[in-house]
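A quick write-up on the structure given underneath.
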Amino acid sequence: MKTAREDIRNIAIIAHVDHGKTTLVDQLLRQSGIFRSNQNVQERVMDSGDIERERGITILSKNTAVFYKNTKINIIDTPGHADFGGEVERVLKMVDGVVLVVDAFEGPMPQTKFVLRKALELDLPVVVCVNKVDRPEARPQAVVDEVLELFLELDASDEQLDAPFIFASARGGYASEDPEVREGDMQPFFEAVLRHIPAPVGDPDEPLQALISTIDYSEYVGRIGIGKIENGSIHVNDEVVVVNMHNQETQKRVRITKLYEFEGLQRVEVKEAGVGEIVALSGIEDIMIGDTICAPEKPEPLPFVKISEPTLSMTFSVNDSPFAGTEGKFVTSRHLRDRLFKELNTDVSLRVEDTENMDALKVSGRGELHLSILIETLRREGYEFQVSKPEVLFQEIDGKKCEPMEAVTVDVPEEFVGVVIEKLGSRKGEMTNMYPAQGGYTRLEFSIPARGLIGYKNEFLTDTKGNGILNSIFDGYAPYKGEIPTRSQGSLIAFESGEAITYGLYNAQERGDLFIGPGVKVYEGMIVGRNARSNDLEVNVCKKKQLTNTRASGSDDALKLVTPITMSLEQCIEFISDDELIEVTPQNLRMRKRILDTSLRRKQRARNGEN
């Protein structure tokens, strides 16, 4: 018979990026007594990865647990960026309710809508936490109305519409049911969770069923599966059967070697666990997300959520530039292939496919950020490789060629509205809404092909002088919208191999913006700058001044170089065109032409009928 485990609550904290999920989890951990009073704890303690801490974003969902009034609250901190939506989708299968965090100034944003829709589809109860009420421009009451409108738009049930609202400042460490309160602690938040999030329900006497929703990896024990026990109980040394909903024929008998529960930031080893617990278990070599751990006498898999398909792909290939193998630790196609297929074990939104070229692999993901984080991770691990310009993945629906669309929300000061509408319009964007936002900003909403956003974000920051905020989220497929004009500026390309000299750079900078300074080693075909015009231009940055014994007045003064532009990985991805590649090494990012030889490149252009 199914019973409720009243001593447990399982919740996921969901929100748009930067609305304060991870800081909120910090406070819950601090105020539940997980840390010693004298313990030195860094901020955003759940963002454990280097890239997460540097960028201030959550990439992987994380498990933790706190205790409040003899109740264990398992908390999952989820990513807020749309590119990591796959992480959110699958962890919702582990929880019995969600806490929706909304910024008290910004209100609901595109990702708020995405994650809330997923929670409502799974019929999960919601506690709404209006965070950052201590912001000077906060407008909590207006945000409550906007959240309720969003519930109605997403066809929430009457029970879901009755969601309680908690007003909090995660940074200040207090929460209340009153939006005017500016002191206290997080107790009202804990109380709301205990009252409104149901206890997990299952039958302790039924055979074991536990659905694996997350995979972790340890150098010592190998793959670790994390999931919730739906029925029965599990013990160390139990013999179990691993079954997958989509492949029920292949069943595998294994033995559980170690079993863990979560307490604060630690995994605590236990001998057994029962219904409703979120556990981590090791001893199963190739356990996958979506697998069900069952008792041998009843191997019945549990249904798993269908993860949204990738929308963007890039080609990862072996580095074949003149500098190949000089900076990386792992440089062969075997190294690259093994590492990319290993990534599939933990990233459910990623796809890796072989291509006709043995040295290249097609990698598909949910967006530019998704793929750039993967590239950055590989780079830091010592891999050296090349990547191509991102391409969108088209689909054929009802005999028509369709492409992925993005719903874009732009907040800009009124003076920049015209230029944003013009630029997005030229990229096949259609404006669906426009209304005044808070703080003198205007909010614009567009439906635009995903292709139209590639290479736009830096242009957007320039156009709005850094004052604009742009958010986008996948919005289904629509018929192909036609050609979209590519970038308006060409590349400055090194004419010969050698070392960049001040004299050569001084002459080259008159043609556009440089990406390199003096003393940098270059090779023929490497991109060293951005042309002011739309065509590509070869420049000789290695050129030295001819020395004579005649001195001309003024011409021998020190040559002044403009500071070169340092391109980040995302900027490189946005800049390159179809005939260009990014050379990624642990030490450098270089952009280059696919065809390095200048004469061969000219012949290719002539064959294509280009200038």
Side-chain angles (χ1 to χ4, degrees), residues 321-323 389 419 423 426 455-466 485-583 588-606 608 610-611:
S321 85
F323 296 166
K389 179 183 174 67
V419 68
K423 287 283 177 74
S426 71
Y456 175 64
K457 285 181 181 146
N458 284 316
E459 208 176 305
F460 170 77
L461 288 173
T462 306
D463 290 343
T464 60
K465 297 182 179 170
T486 52
R487 71 180 192 210
S488 57
Q489 292 176 294
S491 302
L492 295 178
I493 305 156
F495 182 70
E496 64 178 9
S497 300
E499 193 174 292
I501 304 291
T502 302
Y503 183 74
L505 291 168
Y506 182 75
N507 291 324
Q509 75 180 8
E510 295 174 4
R511 303 291 190 170
D513 306 312
L514 293 176
F515 299 151
I516 63 165
V520 174
K521 288 187 170 63
V522 299
Y523 52 80
E524 181 185 2
M526 179 173 151
I527 296 168
V528 295
R530 181 170 56 206
N531 192 3
R533 299 184 178 182
S534 59
N535 60 309
D536 291 342
L537 187 69
E538 280 86 20
V539 291
N540 191 353
V541 292
C542 305
K543 186 179 181 183
K544 295 180 180 177
K545 186 179 181 188
Q546 296 301 316
L547 297 177
T548 68
N549 58 3
T550 310
R551 179 166 179 174
S553 70
S555 64
D556 284 347
D557 291 348
L559 300 175
K560 289 186 173 62
L561 290 178
V562 177
T563 306
I565 298 169
T566 304
M567 298 282 274
S568 68
L569 176 58
E570 276 84 2
Q571 287 172 319
C572 291
I573 291 171
E574 290 187 2
F575 178 76
I576 60 170
S577 61
D578 295 333
D579 66 335
E580 295 167 353
L581 298 168
I582 305 170
E583 179 185 349
N588 289 294
L589 293 170
R590 302 183 188 95
M591 290 178 286
R592 51 159 286 189
K593 288 290 183 182
R594 282 181 191 269
I595 302 170
L596 295 177
D597 188 280
T598 305
S599 56
L600 289 177
R601 214 166 43 247
R602 284 177 181 159
K603 286 176 186 172
Q604 181 72 31
R605 283 211 302 267
N608 294 341
E610 298 171 20
N611 296 330

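Panel note: side chain E580, backbone M591; no donor-acceptor pair is recorded below 3.5 Å. Of the possible polar contacts, one joining the S497 side chain to the E524 backbone as a donor-acceptor pair under 3.5 Å is found.
For F460, the ring pair (Phe, Tyr, Trp, His ring centres under 6.0 Å) partners two or more places apart in sequence, or in a different chain, are Y456. Take N588 and apply the side-chain hydrogen bond (donor to acceptor under 3.5 Å, both in side chains) test, not counting sequence neighbours, and it matches E327. Residues that satisfy the side-chain hydrogen bond (donor to acceptor under 3.5 Å, both in side chains) test with S599, not counting sequence neighbours, are D597. In terms of the salt bridge (Lys or Arg N to Asp or Glu O under 4.0 Å) criterion, residue partners of K423 (sequence neighbours excluded) are, by chain and number, E459, D463. Remark: T462 engages no residue in a side-chain hydrogen bond (donor to acceptor under 3.5 Å, both in side chains) (not counting sequence neighbours). Contacts of D578 classified as side chain to side chain contact (heavy atoms under 4.5 Å, CB included), with partners at least two apart in sequence or in another chain: K389. By the salt bridge (Lys or Arg N to Asp or Glu O under 4.0 Å) test, E538 pairs with R601, R602, sequence neighbours left out. Under the side-chain hydrogen bond (donor to acceptor under 3.5 Å, both in side chains) criterion, K544 pairs with no residue, sequence neighbours left out.
Rounding to the nearest 0.5 Å places CD1 of I595 at 8.0 Å from CG of D579. The distance from atom CG of L492 to atom CE of M526, rounded to the nearest 0.5 Å, is 12.0 Å. Distance check: I527 CD1 to R592 CZ gives 9.5 Å after rounding to the nearest 0.5 Å.
Among residue pairs with one or both ends in residues 496-517, those qualifying as ring pair (Phe, Tyr, Trp, His ring centres under 6.0 Å) are F515-F575; sequence neighbours excluded. For residues 507-523, the side chain to side chain donor-acceptor pair (under 3.5 Å) pairs, not counting sequence neighbours, are D513-R530, Y523-E583.
L581 has its side chain out of reach of S321: every pair of non-hydrogen atoms, C-beta onward, lies at least 4.5 Å apart. Counting heavy atoms from C-beta on, the side chains of K593 and D536 come closer than 4.5 Å. Side-chain contact between L561 and T502: present, with at least one pair of heavy atoms (C-beta onward) separated by less than 4.5 Å.
For the residue pair G517 and L505, the shortest heavy atom distance occurs at C-CD1, 3.4 Å. When all heavy atoms are compared, the tightest approach of M567 to C572 is CB-SG, 3.7 Å. Here the closest non-hydrogen pair linking V541 and A508 is CG1-CB, 4.1 Å. Scanning all heavy atoms of the two residues, the minimum distance from I516 to A500 falls at CD1-CB, 3.9 Å.
Within a 6.0 Å radius of CZ in R594, more than 12 heavy atoms belonging to other residues, nucleotides or ligands are found.
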Determine, stepwise, if the pair I582 / I576 fulfils side-chain contact (heavy atoms from CB on, under 4.5 Å).
CA-CA 8 Å; I582 305 170; I576 60 170; 3.7 Å; yes

